[in-house]
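A quick write-up on the structure given underneath.
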Amino acid sequence: MTFDRPLALLSLAVLAALVGAYVRLSRRRPRYVVRYSNVDVLRSVAPTGPSRLRRHAGAALLTVALVPLCVAVAGPHVNRSAPVENATVVLVLDTSRSMLSTDVAPTRLDAAKAAAQRFLERAPARLRVGLVTFAGDVSVAAIPTHDRQRVRRSVAAIDQFSSGGGTAIGDALARSVELARDTFSEPGTAAPTTGPIPARGAVTILFLSDGRQNRGLIPAEEGASIAADAAIPVFTVALGTDRPDGAVGSRFGGFGGFNRVPDRETLKAISDRTGGEYFAARSARALESAYADLGSRLGRAKRPTEVTSVFVAAAAVALAGAAGLSLVRPAGLP
């Protein structure tokens, strides 16, 4: 919790001193100034006084009310998850030939497409989603848009015949950052090539791959640095097991052992470098679960939210209790 006026919290020290003074005075033995020589007779005809607990309950409730009021004066804020204006997620899917392996049923590619569709189902409607596919080359399948059906069609259009050889992780990261810059650039102006994008914190990259970089002009580490320079967190998913089947080799004549074991270390390093998260998906269920979770979280960020009203409401309830107690407390000798 943070405060706009932290020095106002010193009022709590004053309140603590007043409570201490009250406790000290309440322990002093009372002195009676009466005309009756027999106080016992007076007690027998006077109303019964309140118990010790009820006698101090009003003061306790008043103190309870003053504490949140002192905090409210300081202007308290808490960090809460809130939607980011113009939030954009760029889905990046590996479509290399190794994605046709069947260790993740029915194939890695089919599992990735199903998970992407699941993500689109869970993602808030206000979130813009784009799609980038890559193997040895990189393609923009859908620019960031609120039109879910357009992105769904782009995901569905990915098939085994669009799979290519090689994995250009660094190039795919760089192209995704470029796409994000273009999305947030002013119409008619060139997007900046370095530095954070104008809408800082509004873009996230969700990057899935099942292999190791062996193609492209930009190394994976340099691609991660480009994303970090743009202040774009990259959430990486390593798809596949360490023992893929041999079906790919029979389909593509000799490419069976080509780039088929996920480079988990590199993908984790990318997420660490950019401030994202890393997921290791060894099954279709694990992949879908990760994408569903991210679909409900991405596009939101921790933002300071003022909670003064909460403390004022708590003080009002305590004050009402103290006032009500004072009305029902019977008179009498203590």
Side-chain angles (χ1 to χ4, degrees), residues 87-169 171-173 175-176 178-180 182-183 203-211 234-240 244-245 247-248 251-252 255 259-260 262 267 279 281-299:
T88 299
V89 172
V90 179
L91 296 177
V92 186
L93 295 182
D94 186 343
T95 58
S96 59
R97 291 172 180 168
S98 56
M99 289 288 287
L100 301 179
S101 296
T102 58
D103 58 333
V104 178
T107 66
R108 293 177 180 178
L109 184 61
D110 289 330
K113 291 171 59 178
Q117 298 287 11
R118 179 62 169 161
F119 175 89
L120 293 172
E121 291 176 3
R122 294 291 299 273
R126 63 181 173 274
L127 187 68
R128 294 189 297 187
V129 182
L131 177 64
V132 172
T133 61
F134 75 99
D137 299 313
V138 182
S139 300
V140 176
I143 62 173
T145 176
H146 292 105
D147 188 346
R148 289 287 189 272
Q149 293 305 317
R150 179 184 301 179
V151 184
R152 286 181 180 277
R153 289 193 296 268
S154 298
V155 172
I158 301 172
D159 57 32
Q160 63 180 3
F161 300 106
S162 62
S163 301
T167 304
I169 292 177
D171 290 40
L173 284 172
R175 184 66 184 94
S176 300
E178 182 182 351
L179 179 63
D182 292 340
T183 301
V203 180
T204 304
I205 294 175
L206 179 50
F207 191 98
L208 179 145
S209 180
D210 75 332
V234 181
F235 290 70
T236 57
V237 180
L239 178 62
D245 68 287
V248 178
R251 294 179 187 174
F252 294 98
F255 285 100
N259 202 27
R260 294 175 57 191
L267 293 177
F279 299 87
R282 292 177 169 82
S283 67
R285 178 175 296 181
L287 176 62
E288 186 169 328
S289 175
Y291 268 52
D293 174 59
L294 291 171
S296 61
R297 289 197 290 128
L298 297 186

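- A donor-acceptor pair under 3.5 Å is formed between the side chain of T236 and the backbone N or O of L267.
- The side-chain hydrogen bond (donor to acceptor under 3.5 Å, both in side chains) analysis of residues 285-294, with sequence neighbours excluded, yields the pairs D293-R297.
- In this structure, a donor-acceptor pair under 3.5 Å is absent between the side chains of T145 and D147.
- Across A112 and M99, no two heavy atoms sit closer than the pair CB-CE, 3.8 Å.
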**Asked** Please walk me through it: do L91 and F207 pass side-chain contact (heavy atoms from CB on, under 4.5 Å)?
**Response** CA-CA 6 Å; L91 296 177; F207 191 98; over 6 Å; no
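- Between V104 and S283, the closest side-chain pair of non-hydrogen atoms is not below 4.5 Å.
- Heavy-atom contacts from other residues, nucleotides or ligands closer than 6.0 Å to CZ of R150 number 12 or fewer.
- Checking side-chain atoms of H146 against main-chain N and O of A125 turns up no donor-acceptor pair under 3.5 Å.
- Side-chain atoms of S154 come within 3.5 Å of backbone atoms of A141 as a donor-acceptor pair (strictly under, hydrogens ignored).
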**Message:** Applying side-chain contact (heavy atoms from CB on, under 4.5 Å) to D137 and D171, what does each step give before you reach the verdict?
**Reply:** CA-CA 8 Å; D137 299 313; D171 290 40; over 6 Å; no
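- Of the possible donor and acceptor atoms, one in the side chain of T107 sits under 3.5 Å from a partner among the backbone N and O of D110.
- Side chain of T95 to backbone of F134: a donor-acceptor contact under 3.5 angstrom is found.
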**Item:** Candidate pair S96 and D94, rule side-chain hydrogen bond (donor to acceptor under 3.5 Å, both in side chains), full reasoning
**Value:** CA-CA 6 Å; S96 59; D94 186 343; 2.8 Å; yes
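- The side-chain contact (heavy atoms from CB on, under 4.5 Å) test with L206 is passed by exactly one of V90, V92, V237: V237.
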**Full working for side-chain contact (heavy atoms from CB on, under 4.5 Å) between T183 and R128** = CA-CA 10 Å; T183 301; R128 294 189 297 187; 3.4 Å; yes
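- Applying the side chain to side chain donor-acceptor pair (under 3.5 Å) test to S176 and every residue at least two apart in sequence or in another chain returns nothing.
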